[in-house]
Amino acid sequence: MSPTTDPVAELRAAVAAAAAELSDNGASKTFSFDRPPKPEFGDYSTNAAMLLAPTMGEKPRDVAQRLGALVEQNLADEVEKVDVAGPGFLNLFMSDAWWRDALAAALAAGESFGGGTAEPAERILVEFVSANPTGPITVASARHAAYGDALSRILEFAGHAVEREYYVNDEGGQVQRFAQSIQARARGEEPPEDGYAGEYVGDLAQKIDGAADMDLGELARRGVDLMIEDVRQTLERFGVSMDRFFFEHTVHENGEIERTIELLGEHGLIYEHEDAVWLRTTNFGDDKDRVLRRSTGEFTYLAPDIAYHVHKRERGYDRLIDVWGADHHGYQSRMLAAWEALGGEPGRLELLIMQLVNLVERGQRVQMSKRKGEFVTLDDLIDDIGVDAARFFLLQRSHDTTLDLDLSLAREQSQDNPVYYVQYAHARIASILRKAGEERVREALEADFSEELHPSARGLLKRLLGFPDEVTVASARRAPHRMTVYGHDTAQEFSAFYRDCRVVGAAEEGGDENFRIATCVMTQRVLARSLELLGVSAPEHM
RNA sequence: GCGCCCGUAGCUCAGUGGAUAGAGCGCUGCCCUCCGGAGGCAGAAGUCGCAGGUUCGAAUCCUGCCGGGCGCGCCA
């Protein structure tokens, strides 16, 4: 996005230029530029003077005075006035002319407004969900799905090239027990003690011809294939399209695990002890070394997992993001150790830990255990409250905090869900624009504005102009939940604007209908984009 | 015992160095001659777990402690 399509970035740059001029380019500190908490502190505010003061050997408020005078001179009639406040804040009050031009500039940016700011743009692989292929997607995995997908959408919009991948653990003991459980059901028996007892296991047994007498390896493969197809369909229904399902067995079959272990051995990081092969992860800060190959000759989960990450790295991504469950946090250090051991650049592999989802049903915890078959699936959740509410709900909280999802509340009082509030604002704007008529809207967008801004209009515009920053922060901090807050705030600001400023028929109260229609169009675009980044629909009617 | 995450309003949570800490739900009281009331306005409600430290300035950064969750396998 070019500077001229982000009015706030342009303004910030103007202030930065003035600060540089004032300090003789001496200071290159990054100062704040944000919306102050109260209207009397102006529209935008900077602490630049406070940061420059020490190196300039002057008092902060004096520096702020001089900076303010310079900004006022440079920006001329774009700025109404500047104030020095508190310990040395410089507060900018923008003129109506600036707001009108800012709206026009933001509209001119079109669909790209707020996007494409990533610097540098990277090729990123986001691996998420990756639940064992031994059962349907649960609500815990649903949070991973919503998070990983929303994060991917935001990264893409910010300008990165993103691929979504699901790692399928189709080897090892869990899959063995899965196959044994299917076979038991096929024979009309109970699954083994440590097997899978869910109803779906019986369904699989019926779908697979000859499951009762099939070779367990073959049965496992068939079962996993069917299970993953279910998973894929559920994810699609949830609005999540994986670019790839990567099967663990591929690194077993093409010798990449052995190659990885050899590679580690060349770095002197491998040793044998009690017939097992160990990796010296303690060299990289792990609290103990880890087994790669058991004394029985089988690999632990870690060996193929490292091989998988080598595989991913060799595919040429700039960055790998793994979304892991809270129960995996103990594996961060060993995976990062292996990554570094193999020459991976620290920081290029990000292991994001998702905290748990507590399902609450009428005040009671709902247990989620695939083995016992007591769990709420993502399909169940979607049936209850719909994709939009489910995604919004699961995305509302930061990924590193535990999420309480009250099913009975979400089901019975879904009108209280904030997602409807945001969608309602979008639908209401659509209605206003329908009332104005397509032709009127087109005219309005091409007109010169003359509006004298109501405080509500200024507040709304300020929020809309903050969208690019919001995307940048949500992207950089891997924090999709910020878009739920932003969407809600924007809807709220629109409600105030709607109350105070009649749009269709604005002239009757001395307003500029063109400006107000344009403001509606801009709000609608930003709301639609915010919802899209969350994977939530933006309806024209409700 | 060790490690990771969390501790902010009655509840669920935003807020990763700025000004008098916010939202939703719940609670109290108002508002439909009005472009969509799935709405709006006002109010009550807080020792930002505790104690130190850094800073002009700390919910935010550092240290210690307390409380909760999750992990600590030659399971994945």
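Chain identifiers are assigned alphabetically (A, B, ...) following the order of the sequence lines, protein sequences preceding nucleic acid strands; residue numbering begins at 1 within each chain.
- Residue contacts shown for His481(A) are limited to sugar-phosphate atoms, with no base heavy atom under 4.0 Å away.
- Asp170(A) comes within 4.0 angstrom of no nucleic acid atom, judged by non-hydrogen atoms across all strands.
- Taking the 5.5 Å centre cut-off and the 30° plane limit, the aromatic side chain of Tyr301(A) is not classed as stacked on C75(B).
- Comparing the same atom, C1', in C70(B) and in G18(B) gives a spacing of 35 Å after rounding to whole Å.
- Remark: P of U12(B) and CD of Gln355(A) are 16 Å apart, rounded to the nearest angstrom.
- Taking atom CD on Gln396(A) and atom C1' on G24(B), their separation rounds to 8 Å, with Å as the unit.
- Protein atom CG of Asn358(A) is 16 Å distant from nucleotide atom P of C11(B), rounded to whole Å.
- Here the separation of C32(B) from G40(B), taken at their C1' atoms, is 10 Å to the nearest Å.
- In this structure, Asp289(A) and Leu279(A) have side chains that are not in contact, with every pair of non-hydrogen atoms separated by 4.5 Å or more.
- Under the ring pair (Phe, Tyr, Trp, His ring centres under 6.0 Å) criterion, His399(A) pairs with Tyr147(A), sequence neighbours left out.
- Proximity of Arg502(A) to the phosphate of C34(B): no side-chain N or O atom is located under 4.0 Å from OP1 or OP2.
- In this model, the phosphate group of G15(B) is not approached by any side-chain N or O of Arg35(A) to a distance below 4.0 Å at OP1 or OP2.
- Ala326(A) comes within 4.0 angstrom of sugar-phosphate atoms only, judged by non-hydrogen atoms across all strands, and of no base.
- Nucleic acid contact class of Ser431(A) (heavy atoms, under 4.0 Å, all strands): base.
- A distance of about 36 Å separates the C1' atoms of C65(B) and C27(B), rounded to the whole Å.
- Using a 4.0 Å heavy-atom cutoff across all strands shown, Cys501(A) reaches at least one base atom of the nucleic acid.
- Using a 4.0 Å heavy-atom cutoff across all strands shown, Arg482(A) reaches sugar-phosphate atoms only and no base atom.
- Taking a pair to require two hydrogen-bonding distances under 3.5 Å in either a Watson-Crick or a G-U wobble arrangement, A38(B) remains unpaired.
- Using a 4.0 Å cut-off between charged nitrogen and carboxylate oxygen, Glu470(A) and Arg482(A) count as a salt-bridge pair.
- Pairing for A59(B) is absent, with no Watson-Crick or G-U wobble pair whose two atom distances lie under 3.5 Å.
- Across all strands, His541(A) comes closer than 4.0 Å to base atoms (heavy-atom distances).
- Salt-bridge check for Arg293(A) with Glu298(A): failed, with every basic side-chain N at 4.0 Å or more from each acidic carboxylate O.
- Across every strand in view, C65(B) sits in a pair with G49(B) that passes the Watson-Crick or G-U test at under 3.5 angstrom.
- At the phosphate of G40(B), OP1 or OP2 sits under 4.0 Å from a side-chain N or O atom of Tyr421(A).
- Side-chain to base pairing of Asn47(A) with G18(B): one donor and one acceptor N or O lie within less than 3.5 Å of each other.
- Distances shown here put every side-chain N or O of Arg397(A) at or beyond 4.0 Å from the OP1 or OP2 atom of C6(B).
- Checked against a 6.0 Å centroid threshold, the rings of Tyr308(A) and Tyr167(A) count as neighbours.
- Within 4.0 Å (heavy atoms only), Ala427(A) reaches at least one base atom of the nucleic acid.
- Contact annotation for Val503(A): base contact, defined as any heavy-atom pair under 4.0 Å involving a base atom.
- Nucleic acid contact class of Ala85(A) (heavy atoms, under 4.0 Å, all strands): base.
- Within the structure, every side-chain polar atom (N or O) of Arg428(A) is placed at least 4.0 Å from both OP1 and OP2 of G39(B).
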Run the numbers on Gln174(A) and Asn132(A) for side chain to side chain donor-acceptor pair (under 3.5 Å), then give the verdict.
CA-CA 8 Å; Gln174(A) 304 288 2; Asn132(A) 279 344; 5.2 Å; no
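- Residue-to-nucleotide contacts include a donor-acceptor pair under 3.5 Å from the side chain of Ser45(A) to the base of A19(B).
- In this structure, Glu540(A) reaches the bases: a heavy-atom distance under 4.0 Å links it to at least one base atom across the strands shown.
- Proximity of Arg294(A) to the phosphate of C75(B): a side-chain N or O atom is located under 4.0 Å from OP1 or OP2.
- Ring centroids of Tyr486(A) and Phe467(A) are separated by less than 6.0 Å, placing the two rings close together.
- For Ser295(A) against C74(B), a side-chain-to-base donor-acceptor contact under 3.5 Å is present.
- When the C1' atom is used for both C72(B) and A38(B), the distance is 48 Å, rounded to whole Å.
- Atom P of nucleotide C25(B) and atom CZ of Phe393(A) are separated by 12 Å, given to the nearest angstrom.
- Asp500(A) has its CG atom 18 Å from the P atom of C34(B), to the nearest Å.
- Here Lys288(A) reaches the OP1 or OP2 of C74(B): one of its side-chain N or O atoms lies under 4.0 Å away.
- No contact: Leu292(A) has no heavy atom under 4.0 Å from any strand.
- Using a 4.0 Å heavy-atom cutoff across all strands shown, Gln492(A) reaches sugar-phosphate atoms only and no base atom.
- In this structure, the CZ atom of Arg61(A) is 15 Å from the C1' atom of G18(B), given to the nearest Å.
- When the P atom of G40(B) is taken as reference, atom CZ of Phe494(A) falls 12 Å away, rounded to whole Å.
- A salt bridge does not link Arg516(A) with Glu513(A): none of the charged nitrogens is closer than 4.0 Å to a carboxylate oxygen.
- The distance between atom CG of Leu352(A) and atom P of C5(B), rounded to the nearest whole Å, is 12 Å.
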